Amino acid sequence: MTFDRVAIVEAALDAVLLQSSPAAAPLAGDAPLRPGSGLTARKAVELFEDQVLSRELDVAARELKKTNRSFYTIGSAGHENNVVLGAQLRINDPAFLHYRSGALMMARARQLPGSTPAFDTLLGIVASREDPIAQGRHKVWGSRPLWVPPQTSTIASHMPKAMGLAFALARARRLGVASDLPDDAIVACSFGDASANHATALSAINTARYAVQIGLPMPILFICEDNGIGISVPTPQGWIEQTFSHMEHLRYDLADGELDEVWDAVAAAVHYVRGARRPAFLHLRTVRLWGHAGSDAEQVYRSVAEIAETEAQDPLLRTARRLIGSGAATPEDLRALVAATRERVMAAAEEATRRPRLETTEEVIAPLAPYHPEQVAARAATPLLDAAARRELHGGTLPEEATLPNARTLAGCLTAALTDELARRPEMIVFGEDVGRKGGVYNVTNGLQKRFGVGRVFDTLLDETSILGIAQGAAHIGLLPVPEIQYLAYLHNAIDQLRGEAASLQFFSSGQFRNPLVVRVPGLAYQKGFGGHFHNDNSVGALRDIPGLVLAVPARGDDAARMLRGCLAMAAEDGRVIVFLEPIALYHEKDLEAEGDGGWLTDYPAPPAFLLPGEVGIYPPPEMTYPDLLIVSYANGLRLSLQAARRLQEDHGIAARVLDLRWLNPLPFEAVRQQAAAIGSVLVVDECRRTGGGVADALIADLAEAEIGRRFGSVRAVDSFVPLGTATSAVLVGVDQIIAAALTAVGGRMRA
Ligand SMILES: Cc1ncc(C[n+]2csc(CCOP(=O)(O)OP(=O)(O)O)c2C)c(N)n1
Ligand SMILES: [Mg+2]
């Protein structure tokens with residue numbers, strides 16, 4: 001008994017092509033394959049060729065694997081009826097694809113003369129840097145000219161952004177943001193049957209239906225490539241159909257059977273989505289040949305009989321028989337076609353293995369975190385609003401002229417900055433739960449919807465995954481999204497949308513696709529009398545660890561306004577994904593030390609003043625003595641450190657300089673080193689959790705490795721969830737702790 005199922009399946013196709021006898025009459029090229037079908041004989045042969053091409057790529061991947069020359073063997077074998085979608089969707093219908101959508105990709109590329117999809121795929125399989133989409137960083141389906149953004153391996157995670165793009169199409173047009181997509185473009189999104197159960201899939205489908213319910217266009221075709229199994233776990237009989245065929249605001253079409261039947265079902269679904277601008281669920285029946293991937297021993301969980309039964313349903317066999325039976329082609333024609341395709345693919349595979357691969361670190365990370373400070377600065381500086389228009393925008397009083405304390409808080413300055421930026425950047429949109437009518441839980445987006453309308457400032461449904469999906473999709477076509485996640489703790493159930501998707505897009509597309517985002521996230525602890533852990537989450541570990549992600553954390557109103565401008569410019573210019581973490585407890589804080597001192601109020605810096613990564617805040621000692629100690633902190637910790645610095649000076653005669661990091665990713669190491677080198681003793685005041693939740697480890701390690709500074713200390717929050725009420729002070733960093741640690745640090749320095 002052999003388990004070289006590849007050879008068996010290949011031989012079965014050969015056998016069909018040898019044994020089938022031609023139909024009595026040849027069919028003209030433009031005749032329908034079956035009376036009444038929209039599929040012509042000529043097109044059907046073309047589709048068959050693309051199916052075979054896709055199949056042979058899978059064969060080649062496995063062949064090359066035997067000699068360790070390929071790195072990816074998840075194939076499309078058995079799914080090749082998706083070829084029909086490749087032919088019927090247009091190349092300016094953005095397509096977010098399942099990893100088994102190979103035949104779809106081959107047919108899609110046929111619409112672009114001169115493209116070489118088979119060779120491109122092979123370059124991906126062998127991880128060559130000539131792979132035109134990922135340059136060998138991953139094997140993905142993707143192409144800029146074919147409007148196929150690359151997918152990641154996280155199943156279903158591409159669905160929210162596909163939905164988001166469908167959501168954004170009409171909006172971008174209405175806002176006058178140009179893209180290369182026509183007015184009647186639709187979005188296609190394929191995925192597997194097991195993936196259809198994933199929260200992320202259901203999130204996207206739910207939001208698509210919700211959009212219809214509230215009267216918004218949502219032209220998306222969800223394509224479930226149903227092979228009845230997910231790795232080894234069978235999908236229950238009838239599950240996909242039962243689950244998705246009776247959903248309100250979701251049309252359901254089954255595409256099954258012969259190629260021409262699939263063609264007609266697909267045509268109906270595409271026609272519906274394009275015309276109605278509403279979502280449809282296309283249930284495409286497929287089989288999976290050769291296990292999940294090359295490494296999957298299918299015989300462990302499937303009997304040989306089952307495997308053979310599945311192979312008998314190979315769509316290539318069916319298509320070959322249909323073509324021959326209908327007179328669209330002769331067995332000889334198809335034998336020649338298959339032989340030529342095999343030869344072509346094998347030669348191309350050999351050639352692909354000779355192409356260069358990424359080698360250096362620089363090559364690998366080149367598209368990860370593009371940053372062009374000069375261009376970013378130029379973009380931050382422009383355009384400037386006409387002075388009179390700006391005055392009118394702000395209701396007669398410019399925010400920099402405001403004297404009322406509420407306008408000079410962190411929240412007040414942020415509202416003003418969002419207002420100015422929305423006015424300056426017509427492509428910017430602001431959205432999230434409660435940001436529209438209510439103006440945000442903490443009033444930061446107050447009044448924005450009234451000023452800029454529901455097209456640009458809007459409430460979303462309660463689903464962080466969809467909020468970030470909408471953001472990414474919108475960003476794909478030139479909008480500048482500023483989504484809000486209501487609390488840091490609630491980012492975590494959607495964080496893959498940043499970690500796996502948004503932050504990796506430029507990396508896996510070699511910078512050809514980008515999703516510039518500034519995600520506003522209220523967070524961190526110290527809210528007086530409110531919240532417990534979930535409203536006071538004090539860890540940035542999950543964000544700092546995302547490659548390429550910028551993490552900005554302002555502490556004061558003037559900084560917040562300038563940093564927001566820098567972030568928006570960085571996103572717009574370099575396509576960066578930025579989390580703008582706003583310390584909730586400081587939103588409405590007015591005082592630094594004593595009630596009524598107004599020490600935390602700032603003037604609003606008029607546009608275009610901005611700050612960029614690396615630019616830290618320096619607070620000299622209260623009296624201009626040579627500093628004894630450098631305190632490095634951020635956010636709430638900055639305010640506490642400034643309070644501590646005052647007491648250190650007054651009670652102990654110690655002069656502490658306080659450095660506000662402002663940027664927690666990338667960390668401003670250079671600025672810290674400079675200050676540390678001059679001062680010697682360094683205390684890091686980190687309000688986040690001790691073990692990995694904050695930045696103290698990284699800062700101290702950097703100084704130690706660079707042999708800068710003589711004595712280090714840190715105060716950090718306890719590794720605990722934050723409790724409710726006054727017990728918070730038992731786990732969070734406090735001023736007394738800072739002072740005690742400062743005395744120790746300075747004592748060390750003095751002893752040195
Ligand atoms: C979120 C996530 N969980 C688990 C996996 C591992 N995994 C990869 S493919 C797969 C099965 C997917 O099955 P299905 O959606 O039916 O697609 P098929 O491979 O059958 O085409 C699993 C569990 C993953 N990639 N992503
Ligand atoms: Mg499956």
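Note that the numbering runs from 1 along the sequence shown for the chain. Ligands are counted one by one from 1 in listed order, and the atoms in each one are counted from 1 as well. Just so you know, these numbers come straight off a predicted model, no measurement behind them.
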For residues 229-240, tabulate all N or O donor-acceptor pairs below 3.5 Å that involve a side-chain atom, not counting sequence neighbours.
from   : atom 1 : to     : atom 2 : distance (Å)
Thr235 : OG1    : Asp193 : OD2    : 2.5
Trp239 : NE1    : Asn197 : OD1    : 2.7

*How are the rings of Phe281 and Tyr252 set relative to one another: parallel (under 30°), tilted (30 to 60°) or perpendicular (over 60°)?*
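Because their plane-to-plane angle is under 30°, the rings of Phe281 and Tyr252 count as parallel.
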
*Give a yes-or-no answer on whether the side chains of Glu225 and His79 include a donor-acceptor pair shorter than 3.5 Å.*
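Yes, a side-chain donor-acceptor pair sits under 3.5 Å.
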
*Taking atom types as modelled and ignoring hydrogens, do the side chains of His138 and Thr152 form a donor-acceptor contact shorter than 3.5 angstrom?*
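No, no side-chain donor-acceptor contact under 3.5 Å.
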
*Quick one: the OD1 of Asn227, the Mg ion (ligand 2), O of Ile229 angle, rounded to 10°, please.*
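The OD1/O angle about the Mg ion (ligand 2) sits at 80°.
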
*ring pair (Phe, Tyr, Trp, His ring centres under 6.0 Å) with His533: which residues, sequence neighbours excluded?*
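Checked His533 against ring pair (Phe, Tyr, Trp, His ring centres under 6.0 Å); matches are Phe721.
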
*Please find the N/O/S atom of Asp193 nearest to the Mg ion (ligand 2) and write down its name.*
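The Asp193 atom nearest to the Mg ion (ligand 2), restricting to N, O or S, is OD1.
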
*Looking at residues at least two apart in the chain, or sitting in another chain, which of them share a side-chain hydrogen bond (donor to acceptor under 3.5 Å, both in side chains) with Arg209?*
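Residues passing side-chain hydrogen bond (donor to acceptor under 3.5 Å, both in side chains) with Arg209: none at all.
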
_Neighbour list for ligand 1 [protein residues, heavy atom under 4.0 Å]_ =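 Answer by chain and number: His79, His98, Tyr99, Arg100, Ser153, Thr154, Ile155, Gly192, Asp193, Ala194, Ser195, His198, Asn227, Ile229, Gly230, Ile231, His292.
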
_Arg285/Glu241 salt bridge by N-O under 4.0 Å criterion_ =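 Yes, charged N to carboxylate O under 4.0 Å.
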
